[in-house]
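Contents: one structure, followed by commentary.
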Amino acid sequence: MYNILIIGPQGSGKGTQSRKISERLAIPAISSGNLLRAEVERGTGLGGRISSYIEKGDRVPSDVVDQVIAARLAEDDTVRGVILDGYPRTVDQAERLQVIMGDLGRQITHVVYLDVPDSEVVKRLAGRRVCSNSHCAVNYHAEYNPPKGKPHVCDVCGGQLVQRIDDHPEAIRHRLELFHRDTEPLVSYYRRQDILHEIDGAGSIDEVGVAVSKALGIP
Ligand code: AMP
């Protein structure tokens, strides 16, 4: 049984690698960012509360995120395992996740930390393009990982590729500060629990994919 967390700065390849693992293990990849963006798109009252935080690169209040994650983890397709990307982002959230999982009779089995230097992250985010269809939301890079078919069109669903509203220099800088201050402490938190796998995330998508599979013991 795999209940995996993937942590790392924005642009470290969490979304890309979780999609690969999800396909290999046939378990859902759940991205807190995608869930929150879908909520904004639906135009719900909750979505209205969320959008200004995302645009500025601020964290959405934890009560909202916890609620969205707990509801998603309670869905049937998660019973045989899950890979979580973007949550938890703080030690507080990690503690609440333990409670959410405990209530479901589950526990986190592996934590993958993708270590990528800030300079590389900034380069990757500047060229990041995402599928605008929130049900798909595949990530591309204008230079390193462009779509194989038509330019600016998602290979998976045919959706239009766009730049994320929070991939502007100010929000990128702010998100990196938040990562170092509030998310990085999760590395020692999970190391103490002896479930941490540290991966050098600076290589190509395939190189990192091989290292992640090896760490997880996936053939
Ligand atoms: P991501 O797609 O993981 O880069 O997340 C995009 C944005 O969604 C973040 O900059 C936050 O505004 C919000 N977000 C995603 N996950 C969380 C979380 N665990 N806690 C608070 N805000 C979050």
Side-chain angles (χ1 to χ4, degrees), residues 4-19 21-22 28-42 44 46-73 82-101 108 111-114 116 118 120-122 124-141 161-187 189-190 201:
I4 305 165
L5 306 183
I6 187 154
I7 59 178
Q10 10 330 88
S12 57
K14 300 189 299 292
T16 305
Q17 297 299 335
S18 28
R19 189 170 287 270
I21 301 168
S22 156
I30 297 177
S31 147
S32 52
N34 285 347
L35 289 176
L36 294 168
R37 281 184 286 273
E39 199 68 44
V40 172
E41 226 172 74
R42 275 199 293 278
T44 58
L46 197 60
R49 257 186 85 192
I50 293 169
S51 64
S52 65
Y53 291 99
I54 294 188
E55 203 164 334
K56 286 192 280 235
D58 273 337
R59 265 197 312 274
V60 171
S62 278
D63 60 319
V64 175
V65 187
D66 294 350
Q67 188 185 323
V68 168
I69 287 288
R72 180 65 186 88
L73 285 174
V82 76
I83 170 152
L84 263 182
D85 148 20
Y87 185 94
R89 256 176 163 81
T90 64
V91 171
D92 275 1
Q93 288 185 357
E95 284 168 352
R96 282 193 296 277
L97 177 62
Q98 204 170 337
V99 175
I100 295 170
M101 294 292 278
I108 302 301
V111 179
V112 173
Y113 168 47
L114 297 180
V116 178
D118 288 5
E120 174 68 17
V121 161
V122 169
R124 290 185 186 179
L125 291 180
R128 174 158 73 178
R129 300 292 179 270
V130 295
C131 175
S132 54
N133 169 6
S134 63
H135 300 291
C136 176
V138 173
N139 280 297
Y140 296 85
H141 188 282
L161 302 189
V162 295
Q163 192 157 23
R164 268 173 47 167
I165 50 164
D166 54 352
D167 279 348
H168 59 87
E170 217 175 297
I172 291 173
R173 211 169 25 248
H174 185 49
R175 277 147 63 211
L176 271 175
E177 272 166 23
L178 291 182
F179 172 78
H180 290 303
R181 194 188 70 191
D182 301 330
T183 309
E184 222 163 42
L186 288 176
V187 172
Y189 177 85
Y190 286 118

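Order of listing sets the numbers, starting from 1, for every ligand and every atom in it. Below, all heavy atoms of this structure are taken into account, side chains as well, without hydrogens, waters or symmetry copies. What you see is a predicted model, and the numbers here were worked out from it, not measured in a lab.
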Is the shortest N/O to N/O distance between [X] and ligand 1 below 3.5 Å?
{"X": "D85", "answer": "no"}
{"X": "R164", "answer": "yes"}
{"X": "R89", "answer": "yes"}
{"X": "G86", "answer": "yes"}

Distance filter under 4.0 Å to [X] heavy atoms, resulting ligand 1 atoms:
{"X": "Q93", "answer": "18 (C), 19 (N), 20 (N), 21 (C)"}
{"X": "L36", "answer": "8 (O), 13 (C), 14 (N), 15 (C), 23 (C)"}
{"X": "R37", "answer": "2 (O), 6 (C)"}
{"X": "D58", "answer": "11 (C), 12 (O)"}

Problem - salt bridge (Lys or Arg N to Asp or Glu O under 4.0 Å): pairs with one or both residues in residues 82-99, sequence neighbours excluded - result: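 Residue pairs with at least one partner in residues 82-99: D66-R96.
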Exercise for the section: Give a yes or no on whether the backbone of V116 and the side-chain of S12 come within a donor-acceptor separation of less than 3.5 Å. Expected result: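 Absent.
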Exercise for the section: For the pair H168 (side chain) and E55 (backbone), establish whether a donor and an acceptor sit closer than 3.5 Å, ignoring hydrogens and angles. Expected result: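 Looks like yes, one N/O pair under 3.5 Å.
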Exercise for the section: Would you name the heavy atoms of G13 and R124 that are closest together and state the gap between them? Expected result: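 Result for this residue pair: N-NH1, 4.1 Å.
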Handout entry: Contacts of type side chain to side chain donor-acceptor pair (under 3.5 Å), residue R37, not counting sequence neighbours
Key =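 R37: side chain to side chain donor-acceptor pair (under 3.5 Å) contacts with N34.
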Exercise for the section: Among all protein heavy atoms, pick out the one at the shortest distance from atom 21 (C) of ligand 1; state its residue, atom name and that distance to 0.1 Å. Expected result: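 Here the nearest protein heavy atom works out to V60 O, 3.2 Å.
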Problem - Shortest protein contact, atom 16 (N) of ligand 1 (heavy atom only) - result: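 Result for atom 16 (N) of ligand 1: S32 OG, 2.7 Å.
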Exercise for the section: Between R59 and ligand 1, find which residue part has any heavy-atom pair under 4.0 Å and reply side chain, backbone, both or neither. Expected result: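 Both parts.
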Problem - Within reach of ligand 1, part of V65 (heavy-atom separation under 4.0 Å) - result: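 It is the side chain that gets close, since no backbone atom is under 4.0 Å.
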Exercise for the section: Check each of V40, V65, L36, D58 against Y53 using the side-chain contact (heavy atoms from CB on, under 4.5 Å) test, and report the only one that passes. Expected result: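 Looking at V40, V65, L36, D58, the match for Y53 under the side-chain contact (heavy atoms from CB on, under 4.5 Å) is D58.
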Exercise for the section: Using a strict cut-off of less than 4.0 Å between a Lys/Arg side-chain nitrogen and an Asp/Glu carboxylate oxygen, indicate whether R173 and D118 qualify as a salt bridge. Expected result: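 Not counted as a salt bridge, because no side-chain N and carboxylate O are separated by less than 4.0 Å.
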Problem - Donor-acceptor pair between D166 and H174 side chains, under 3.5 angstrom - result: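 Side chains of D166 and H174: no pair found under 3.5 Å.
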